[in-house]
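Right, one structure below, let's go through it.
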Amino acid sequence: QVKLVESGGGSVQTGGSLRLSCNAPMSWNCIGWFRQSPGKEREGVASIYGGGRTEYAASVKGRFTISQDIADNTIHLQMDSLKPEDSATYYCAVPNLPWISESRCSIRAPTVFDYWGRGTQVTVSS
């Protein structure tokens, strides 16, 4: 079983920033961030492939930045200009294999992600 640990969540006001981190036991070439709030479906937020190619949901593009620190197997999600609608529990996820093809690595294909962290809560107040 792969254990992913998210951290960095908290409460901020509209326009504030938070930096989420996800620690993995080893290096993956495809990592995704997802979020879910009560009563809503899980939503893909961002993904990173090969430590470089990034993908973002339209709702966060220009405000969020995903990055990967390969040296310590940590994935970050820098969240700026936060809005109340960004409030959710944020999860990081990885596929069951540490190396997959680039075409498969996408938050629009969430079934490729097999292992999930327990989440970190983000609350943005107006």
Side-chain angles (χ1 to χ4, degrees):
Q1 185 69 19
V2 172
K3 184 177 180 182
L4 304 172
V5 181
E6 301 97 337
S7 61
S11 297
V12 295
Q13 292 188 327
T14 298
S17 298
L18 284 172
R19 182 177 171 86
L20 305 184
S21 297
C22 171
N23 184 255
M26 56 185 286
S27 179
W28 263 264
N29 74 341
C30 174
I31 304 96
W33 279 100
F34 296 79
R35 66 187 181 186
Q36 188 168 22
S37 52
K40 294 187 177 180
E41 292 188 357
R42 183 181 60 196
E43 175 189 18
V45 176
S47 71
I48 187 166
Y49 180 82
R53 193 271 288 160
T54 57
E55 172 195 27
Y56 297 95
S59 58
V60 306
K61 198 169 186 178
R63 301 186 297 120
F64 290 12
T65 303
I66 188 171
S67 62
Q68 183 176 8
D69 187 338
I70 296 175
D72 65 0
N73 301 326
T74 303
I75 305 92
H76 303 287
L77 185 68
Q78 177 67 39
M79 306 187 298
D80 299 317
S81 302
L82 283 162
K83 306 175 182 180
E85 51 264 43
D86 295 318
S87 297
T89 300
Y90 284 70
Y91 303 89
C92 64
V94 297
N96 66 336
L97 297 175
W99 294 90
I100 66 169
S101 62
E102 183 174 3
S103 62
R104 295 185 62 208
C105 182
S106 174
I107 54 175
R108 294 169 178 79
T111 55
V112 76
F113 296 94
D114 298 290
Y115 299 113
W116 298 76
R118 299 184 67 175
T120 185
Q121 180 67 40
V122 171
T123 303
V124 185
S125 57
S126 57

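For this chain, numbers begin at 1 and follow the sequence in order.
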Spacing of Leu77 atom CG and Thr65 atom OG1 [to the nearest 0.5 Å] | 8.0 Å
Of the non-hydrogen atoms in Glu6 and Gly119, which two are nearest, and what is the gap between them?
-> OE1-N, 2.8 Å
Could I get the full list of side chain to side chain donor-acceptor pair (under 3.5 Å) partners for Asp72, not counting sequence neighbours?
-> Thr74
Do any pairs count as a disulfide (SG to SG under 2.5 Å) and have a residue in residues 32-126, sequence neighbours left out, and if so which ones?
-> Cys22-Cys92, Cys30-Cys105
Got a sec, which residues hit side chain to side chain donor-acceptor pair (under 3.5 Å) with Glu102, two or more places apart in sequence or on another chain?
-> Arg53
List for me each residue that meets side-chain contact (heavy atoms from CB on, under 4.5 Å) alongside Glu85, sequence neighbours excluded, and say none if there are none.
-> Lys83
Partners meeting salt bridge (charged side-chain N to carboxylate O under 4.0 Å, His left out) with Arg19 (sequence neighbours left out) | none
Give a yes or no on whether the backbone of Gly15 and the side-chain of Ser81 come within a donor-acceptor separation of less than 3.5 Å.
-> no
Sequence-distant partners of Ser106, side-chain contact (heavy atoms from CB on, under 4.5 Å), two or more places apart = Glu55, Arg108
Closest contact, heavy atoms only, Thr89 versus Gln121 | OG1-OE1, 2.8 Å
Within-4.5 Å side-chain heavy-atom neighbours: Met79 and Leu20 = yes
What one should report as the nearest heavy-atom pair of Val122 and Gly9 is CG2-CA, 4.2 Å
Sequence neighbours excluded, the answer for side chain to side chain donor-acceptor pair (under 3.5 Å) partners of Gln78 is Asp80
Leu4 and Ile66: same hydrophobic cluster, using ILVMFWY side-chain contacts below 4.5 Å?
-> yes
Who pairs with Arg63 by side chain to side chain donor-acceptor pair (under 3.5 Å), at least two apart in sequence or on another chain?
-> Asp86
Residues in side-chain contact (heavy atoms from CB on, under 4.5 Å) with Leu97, at least two apart?
-> Ile100
Closest non-hydrogen atoms of Pro98 and Ser27, given as atom of the first, atom of the second and distance, are CB-O, 3.7 Å
Validation row: Val45, Ile107 side chains within 4.5 angstrom (heavy atoms) = no
Keeping the roles fixed (side chain from Thr120, backbone from Tyr90), state whether a donor-acceptor pair exists under 3.5 Å.
-> no
Taken to the nearest 0.5 Å, the spacing of Gln36 CD from Glu43 CD works out to 10.5 Å
With sequence neighbours excluded, what pairs up with Arg118 under the side-chain contact (heavy atoms from CB on, under 4.5 Å) test?
-> none
Write down the atom of Gln68, the atom of Ile31, and the distance for their closest heavy-atom approach.
-> NE2-CD1, 3.4 Å
Check Ser87 against Val124 and note the closest heavy-atom contact, atom names and distance.
-> OG-N, 2.8 Å
Are any of the side-chain heavy atoms of Val94 and Ile75 separated by less than 4.5 Å?
-> no
So, do Pro84 and Thr123 sit near enough that their side-chain heavy atoms are less than 4.5 Å apart?
-> no
Transitively linked via ILVMFWY side-chain contacts under 4.5 Å: Val112 with Met26?
-> no
Scan residues 21-32 for pairs that pass salt bridge (charged side-chain N to carboxylate O under 4.0 Å, His left out), counting only residues two or more places apart or in two chains.
-> none
Ring pair (Phe, Tyr, Trp, His ring centres under 6.0 Å) partners of residues 27-73, not counting sequence neighbours, each pair once = Phe34-Phe113, Phe34-Trp116
